[in-house]
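Below is one structure, written out as structure tokens; comments come after it.
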Amino acid sequence: MEMEIDDTPKPKGEETKGKPIVVILVGAPGSGKSTFCEQVMASSTRPWVRICQDTIGNGKSGTKSQCLKSAASALNDGKSVFIDRCNLDREQRAEFVKLGNPNVDVHAIVLDLPAKLCISRSVKRTGHEGNLQGGKAAAVVNRMLQKKEFPKLSEGFTRITFCQNESDVQAAHNTYSALGPLDTLPNGSFGQKNPDAKIQLGIMRFLKKVEVPANTVSDANSIQSSVSHKNTEEKEPSYKGHDNISSFSGNASKELKEGENLAVCSSGSHASLNNTPTLAFPSISTSDFQFNLEKASDIIVEVVEEYVNKLGSARLVLVDVSHKSKILSLVKTKAAQKNIELNKFFTFVGDITKLYSEGGLRCNVIANAANWRLKPGGGGVNAAIFNAAGPALEVATKEQAQSLHPGKAVVVPLPSTSPLFSREGVTHVIHVLGPNMNQHRPNFLNNDYIKGCQILREAYTSLFEGFASIIRTQGKLAKVSNENLDSNPSGAQEVIEGANTKHSPNNDQKSKREHEHDYDRSKKCKGSQDEIGADIPESKIGKVDKNNDKIDGSMTKAWGSWAQALHKIAMHPQTHKDVVLEISDDVVVLNDLYPKARRHLLVLARSEGLDRLSDVSKDHLQLLKTMHNVGLKWVEKFLQEDASLIFRLGYHSVPSMRQLHLHVISQDFDSKNLKNKKHWNSFNTAFFLDSVDVLEEVSSHGKATLRDDESLLSMELRCHRCRSAHPNIPRLKSHISNCQAPFPPSLLQNSRLVLAPCNAGIDP
DNA sequence: GTTCTAGAAC
DNA sequence: GTTCTAGAAC
């Protein structure tokens with residue numbers, strides 16, 4: 001693999017894999033160094049040795065030279081090593097850093113957790129190996145923190161990871177646990193956020209409660225000033241110019257020449273592997289879909305030119321695996337003619353799933369030339385990406401969408417469990433579907449290049465828009481996560497990805513039961529209709545239905561007696577004047593009896609026999625539009641009362657209540673009636689079908705694609721804005737009451753969210 | 001859809 | 001001990 005832009009010869013065959021690592025933990029007592037090592041060692045497939053000065057002396061306190069000796073011997077055996085001692089200043093670390101050489105990487109993991117937390121852990125600790133207990137702990141921790149010097153790449157580290165809260169620690173744990181014997185991690189400094197405010201004022205009050213030498217307390221101010229003095233040095237970590245950095249990955253010198261400051265990839269944990277946002281994308285439609293290369297290259301350059309300046313410092317990279325790629329050379333020539341800046345757009349030869357590990361090119365986002373089903377398989381880029389990303393991508397994709405129209409793109413956040421995330425630093429995959437000129441593939445355009453060009457242009461536009469929305473989201477997320485640090489020092493519940501992999505036996509059994517239940521129910525429904533005949537006129541169904549109500553009862557039973565309330569209201573709204581807000585010939589509007597948000601109303605269809613979305617056909621398109629418009633009218637009214645509200649309009653794939661009803665619901669989900677997983681997931685997974693999408697599908701396919709998979713309703717609880725996972729409903733609710741992150745890109749598209757006109761230009 | 005509650009999880 | 005979930009009944 002090589003970079004096309006500077007024709008660096010490729011140093012292939014260089015043995016960069018399978019290197020042992022020395023990981024130097026840096027952190028005060030109580031910061032969780034030993035726990036970190038133990039947890040990684042428990043789940044890692046790489047051979048690790050933990051060198052702990054507290055235990056190495058076999059009862060007596062150990063020495064530094066003992067640690068160095070056993071570290072060296074473990075490295076000789078090809079094992080990776082954790083140096084589990086405080087290592088808080090440069091001098092303490094120096095000799096361990098010297099263990100590194102071209103075949104041994106030296107990493108630092110900085111556990112920079114709040115001093116208050118370290119102290120309280122140390123104080124509580126009873127069986128700690130270093131025998132640092134009780135009130136003395138506070139004094140010791142605090143004295144050590146005064147000497148704290150953050151590690152720098154210039155000391156000789158190849159990689160430094162800063163952890164400032166529990167979720168950072170979790171992310172680092174995931175990264176190191178996932179490291180197989182042959183894997184290497186990207187070089188650089190990651191995760192340093194707010195280098196100021198090292199010592200929280202609160203700990204001084206805390207310290208007064210424990211036994212502390214007088215000088216420690218009275219030194220409060222000098223601690224602060226000395227620390228912040230150090231930080232000013234650290235605000236501009238030197239990256240460029242150090243030998244170990246310019247040899248970074250051997251073949252990526254161009255990366256550095258471009259002036260990229262890898263050390264400034266701080267931000268939140270979501271962005272911890274990023275620096276300059278970069279989208280790598282394959283040429284769309286020109287391979288299997290046989291789109292004309294000349295025309296395709298014109299369109300690529302045209303759309304790139306339009307976006308390249310809208311995207312700030314972000315970069316776009318057209319990737320092809322072949323050296324002889326015609327499309328790359330066409331695009332390269334045309335881009336040069338248009339004087340598109342090379343540091344913002346260039347072409348690259350390589351495997352899009354190994355851009356960083358094999359090509360040294362950091363791309364936080366990659367595009368996939370997807371198929372319309374968004375499924376793995378086929379060949380080419382799609383197969384490669386799904387293979388490399390593992391099953392996590394398939395699951396995450398399903399969460400966003402189930403199919404794709406030509407010209408459209410869908411942004412999928414990649415779970416940190418995916419190897420593409422941990423190895424390549426890819427945080428998002430954007431699936432794109434282009435126009436097809438191959439008669440053996442779906443949606444064949446039969447050489448209609450007018451339409452084809454239009455769709456291809458739309459495809460690249462959707463792709464770059466998706467990329468732009470990721471940049472916006474990450475920028476804001478980083479800001480929000482910093483803000484949260486103050487208000488929520490525990491932070492532990494913030495992103496628990498990876499901790500939720502226990503989907504197996506219980507859930508399987510349960511979903512099986514649910515499916516059986518579902519099957520029974522639909523059988524009953526279908527059965528009673530089938531007996532009557534599938535295509536009898538609606539009026540007759542109405543009649544039979546009435547009979548069911550009064551005589552047979554099987555229909556009633558299929559829905560459950562409690563499920564009839566909306567049907568009754570739709571049929572006889574005038575007798576429910578107490579709850580009904582609006583009646584027309586087509587619809588009835590009412591507040592949901594148990595609103596799941598500040599504003600939550602239902603727009604009922606009045607047609608008899610239209611029980612749910614699966615009953616909808618093209619004949620109902622006008623009715624669906626009416627329902628949507630009536631919903632929008634109410635939204636407008638609500639927004640006049642409270643412009644901060646944001647609304648979503650949509651249907652449940654499988655409703656619990658009979659009679660087709662559109663939910664109009666504000667996105668605060670601030671309601672005591674929202675009590676369980678099913679409530680949350682029915683509005684915040686693919687189970688909830690946006691009205692705009694339903695309209696589009698019914699108008700193009702005559703029916704809506706339902707997500708009647710009830711496992712959606714038992715999915716892990718994720719914030720609808722920042723997508724963080726939460727262990728239970730109360731914790732989720734407390735999170736969403738504060739989360740100001742912008743909504744995911746999928747919701748920002750196609751007017752799925754409706755907000756006040758004055759907010760329309762701002763990302764919600 | 002909700003309510004109630006046993007028992008799992010913390 | 002309390003909190004929270006999830007299944008049964010309605």
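A quick note: this is a predicted structure, and the numbers were derived from the prediction, not measured. Heavy-atom basis, side chains included; hydrogens, waters and symmetry copies ignored. We name chains A, B, ... by the order of the sequence lines, and we start the count at 1 in each one.
Ring pair A/Phe669/A/Trp680 is perpendicular by interplanar angle, where above 60° counts as perpendicular and below 30° as parallel.
Going from atom CE of A/Met657 over to atom C1' of B/dG1 covers 5 Å, rounded to whole Å. Distance CD (A/Gln659) to P (B/dG1): 15 Å, rounded to an integer number of Å. Put simply, CH2 on A/Trp680 is 16 Å from P on C/dA6, counting in whole angstrom units. Rounded to whole angstrom, the span from the CZ atom of A/Phe687 across to the P atom of B/dG1 amounts to 7 Å. In this entry the distance linking CD of A/Gln564 with P of C/dC10 reads 17 Å, nearest Å. In this entry the distance linking CZ of A/Arg731 with P of B/dA9 reads 16 Å, nearest Å. Straight-line distance from the NE2 atom of A/His663 to the C1' atom of B/dG1: 10 Å, rounded to whole Å. Here B/dC10 presents its C1' atom at 10 Å from CG of A/Asn728, a figure rounded to the nearest Å.
Electrostatic pairing of A/Asp693 and A/Arg752 counts as a salt bridge here, judged by a charged N lying under 4.0 Å from a carboxylate O. Taking 4.0 Å as the cut-off between side-chain N and carboxylate O, A/Arg707 and A/Glu399 do not count as a salt-bridged pair.
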N/O-N/O pairs, protein side and nucleotides 3-5 of chain B side, under 3.5 Å:
unit_1 : atom_1 : unit_2   : atom_2 : d
B/dT3  : OP2    : A/Lys675 : NZ     : 3.0

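Between A/Lys568 and B/dG1 there is no side-chain polar atom (N or O) within less than 4.0 angstrom of OP1 or OP2.
Each of A/His661, A/His679, A/His663 was evaluated against A/His600; a single residue qualifies, A/His663, per the ring pair (Phe, Tyr, Trp, His ring centres under 6.0 Å) test.
A/His726 and A/Ser724 share a side-chain donor-acceptor pair at under 3.5 Å.
Looking at heavy-atom distances under 4.0 Å, A/Leu593 makes no contact with the nucleic acid at all.
For A/Phe683 and A/His652, the ring centers sit closer than 6.0 Å to each other.
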